[in-house]
**Student:** 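Would you mind keeping the following structure in view while I ask a few things?
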Amino acid sequence: MVKQLTFNQLRKIKDYLPDGSMKLIADELGITPDTVRNYFGGQNFKDGMSCGVHIEAGPDGGVVTLDDTRILDLALEILYFDGTLKF
């Protein structure tokens, strides 16, 4: 499923995740933690892979189109159950 949001919204979600969340999401999906970090705007393509995130310049950091929302869905699930969902 394709989803669009601003880059700043995506980074805000990442910033609210508790410690260890990148590894938890990576383990759940069978990918590397660096691939999860790349999904949230990281640039480590030596150890992580690209993951279907497309960024177009614009206000609020630009528009991000996510080809696959599984990482985002797990992140939001962690925030919801952790009680830190603040947006």
Side-chain angles (χ1 to χ4, degrees):
M1 180 176 145
V2 176
K3 179 162 180 74
Q4 286 189 325
L5 62 160
T6 68
F7 183 75
N8 288 345
Q9 288 171 321
L10 185 65
R11 291 298 290 186
K12 190 176 193 180
I13 292 167
K14 180 231 171 244
D15 291 343
Y16 280 127
L17 286 170
D19 290 342
S21 295
M22 299 295 158
K23 182 167 177 9
L24 183 68
I25 293 169
D27 290 347
E28 179 74 23
L29 297 175
I31 57 179
T32 67
D34 281 321
T35 299
V36 177
R37 286 184 195 93
N38 290 346
Y39 188 87
F40 288 105
Q43 299 290 317
N44 185 351
F45 296 106
K46 178 181 174 208
D47 297 321
M49 300 181 66
S50 175
C51 42
V53 174
H54 311 281
I55 302 172
E56 296 178 37
D60 208 18
V63 175
V64 177
T65 302
L66 305 171
D67 292 341
D68 185 342
T69 62
R70 290 180 296 164
I71 292 173
L72 177 64
D73 294 340
L74 286 173
L76 292 174
E77 188 175 314
I78 290 168
L79 291 174
Y80 178 77
F81 286 112
D82 185 53
T84 56
L85 191 60
K86 300 174 184 173
F87 41 93

**Student:** Check Phe7 against Gly41 and note the closest heavy-atom contact, atom names and distance.
**Tutor:**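 Closest approach of Phe7 to Gly41, heavy atoms only: CE1-CA, 4.0 Å.
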
**Student:** Return the set of residues passing side-chain contact (heavy atoms from CB on, under 4.5 Å) with Asn8 (not counting sequence neighbours), or none when no residue passes.
**Tutor:**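 For Asn8 the side-chain contact (heavy atoms from CB on, under 4.5 Å) partners, ignoring immediate neighbours, are Thr6, Asp60.
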
**Student:** Taking side chain to side chain donor-acceptor pair (under 3.5 Å) as the definition, give me every residue that meets it alongside Arg70, ordered by chain and number, with sequence neighbours left out.
**Tutor:** Asp68

**Student:** Distance check, rounded to the nearest 0.5 Å: Tyr16 atom OH versus Leu79 atom CG?
**Tutor:**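 Reported to 0.5 Å precision, the distance equals 9.5 Å.
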
**Student:** What residue among Ile71, Ile13, Thr69 forms side-chain contact (heavy atoms from CB on, under 4.5 Å) with Leu76?
**Tutor:**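 Exactly one pass, corresponding to Ile13.
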
**Student:** For residues 21-29, which side-chain N or O atoms pair as donor and acceptor with protein atoms under 3.5 Å away, sequence neighbours left out?
**Tutor:**
unit_1	atom_1	unit_2	atom_2	d
Ser21	OG	Pro18	O	2.7
Lys23	NZ	Asp27	OD1	3.4
Lys23	NZ	Asp27	OD2	2.9

**Student:** Any chance CG of Asp15 has more than 12 other-residue heavy atoms, nucleotides or ligands included, within less than 6.0 Å?
**Tutor:**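 Atom CG in Asp15 is crowded, with more than 12 foreign heavy atoms closer than 6.0 Å.
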
